[in-house]
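Accompanying notes for the structure given below.
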Amino acid sequence: MRLGCDPEVFLLNNKGKYFSAIGRIGGDKYNPLQVRGLKKGFTLQEDNVALEFGIPPAASEDEFVKSIDTVMRAGLRKTGLKFSTLSCTVFPADQMRHPKAHVFGCEPDYNAWTKMENMKPRPPHVHMRSAGGHIHVETTREPLEVVKNMDLFISVPSVLMDDGVERRQLYGKAGAFRPKSYGVEYRTPSNFWIFQEKYVRWVWRNTARALESNLLVDNLREPIEEAINKGDKAVAQELVKEFNLEVL
């Protein structure tokens with residue numbers, strides 16, 4: 001197993017005002033900005049109004065932790081602003097004037113349970129934006145199995161750990177992924193886990209558990225979807241207890 005990620009974060013000034021990343025970074029998904037002084041794969045880019053960063057695939061838990069910390073520090077230096085820890089917010093109107101601020105969901109993702117393409121999000125407020133914590137999993141295991149297992153080992157416990165429930169109005173439904181040549185990009189989690197080392201290590205450990213698991217998760221589809229899609233903490237707690245899932 002090797003893990004990468006491309007989380008998104010929102011930017012704040014010292015007074016707590018949200019600022020768009022547009023025009024502050026210079027990279028985009030087609031031409032990400034390589035972080036100067038670091039090896040290839042450490043990237044910064046503008047993703048709608050958020051700052052998105054990427055890391056090269058990590059082969060160990062410690063490398064995963066260090067890489068995320070390194071690229072987040074680079075993002076702080078590049079923007080001169082602070083990071084918000086919210087995964088969903090409504091941006092000020094004066095930060096939404098650029099056309100790029102209204103372009104999102106341009107590449108489809110898919111649902112591992114239904115095997116169907118997910119619908120593009122329609123925010124309930126025109127200026128509402130969300131930030132994901134996507135996990136890139138390099139593995140030879142069958143992609144749909146990986147995603148379903150990660151729903152159980154990552155996203156079900158996250159219901160009890162992640163207070164950012166608003167994001168689920170746009171993204172974060174069970175089974176969200178994109179197929180990749182190296183494995184999968186798991187897209188259900190928010191960015192809640194990137195801000196503390198203990199959560200980054202938790203993601204590594206429980207992704208490893210998901211890849212090692214031989215549980216017949218197809219039999220658990222209904223409670224998994226209910227826990228994740230509805231944010232049902234009671235159902236999540238039942239699954240946590242039954243399968244000894246790790247909650248911090």
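Residues forming a side chain to side chain donor-acceptor pair (under 3.5 Å) with S155 (at least two apart in sequence, or on another chain): Y186. Here K17 pairs with D94 under the salt bridge (charged side-chain N to carboxylate O under 4.0 Å, His left out) rule; sequence neighbours left out. Listed by chain and number, the residues in a side chain to side chain contact (heavy atoms under 4.5 Å, CB included) with R201 are E61, D62, V65, E197, R205 (sequence neighbours excluded). Contacts of A112 classified as side chain to side chain contact (heavy atoms under 4.5 Å, CB included), with partners at least two apart in sequence or in another chain: L144, V147, K148, F177. Legend: residues meeting side chain to side chain contact (heavy atoms under 4.5 Å, CB included) with E63, ordered by chain and number and at least two apart, are K39, A58, A59, S60, S67. Legend: residues meeting ring pair (Phe, Tyr, Trp, His ring centres under 6.0 Å) with F153, ordered by chain and number and at least two apart, are absent. Under the side chain to side chain donor-acceptor pair (under 3.5 Å) criterion, E52 pairs with Q45, not counting sequence neighbours. In this structure, the side chain to side chain contact (heavy atoms under 4.5 Å, CB included) partners of Q237, at least two apart in sequence or on a different chain, are L160, V240.
Side-chain atoms of E46 come within 3.5 Å of backbone atoms of G26 as a donor-acceptor pair (strictly under, hydrogens ignored).
Pairs of residues two or more places apart, or lying in two chains, that qualify as side-chain hydrogen bond (donor to acceptor under 3.5 Å, both in side chains) and include a residue from residues 77-89 are Y18-S84. Screening residues 200-248 for ring pair (Phe, Tyr, Trp, His ring centres under 6.0 Å) gives F64-W204 as the qualifying pairs, with residues at least two apart or on separate chains. Every pair passing side-chain hydrogen bond (donor to acceptor under 3.5 Å, both in side chains) that includes a residue from residues 157-167 is listed here, sequence neighbours excluded: D162-S190.
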Can you give the donor-acceptor pairs under 3.5 Å from side chains of residues 226-234 to other protein atoms, not counting sequence neighbours?
{"unit_1": "N229", "atom_1": "OD1", "unit_2": "A174", "atom_2": "N", "d": "2.7"}
{"unit_1": "D232", "atom_1": "OD1", "unit_2": "A234", "atom_2": "N", "d": "3.1"}
{"unit_1": "D232", "atom_1": "OD1", "unit_2": "V235", "atom_2": "N", "d": "3.1"}

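Using a 4.0 Å cut-off between charged nitrogen and carboxylate oxygen, R178 and D109 do not count as a salt-bridge pair.
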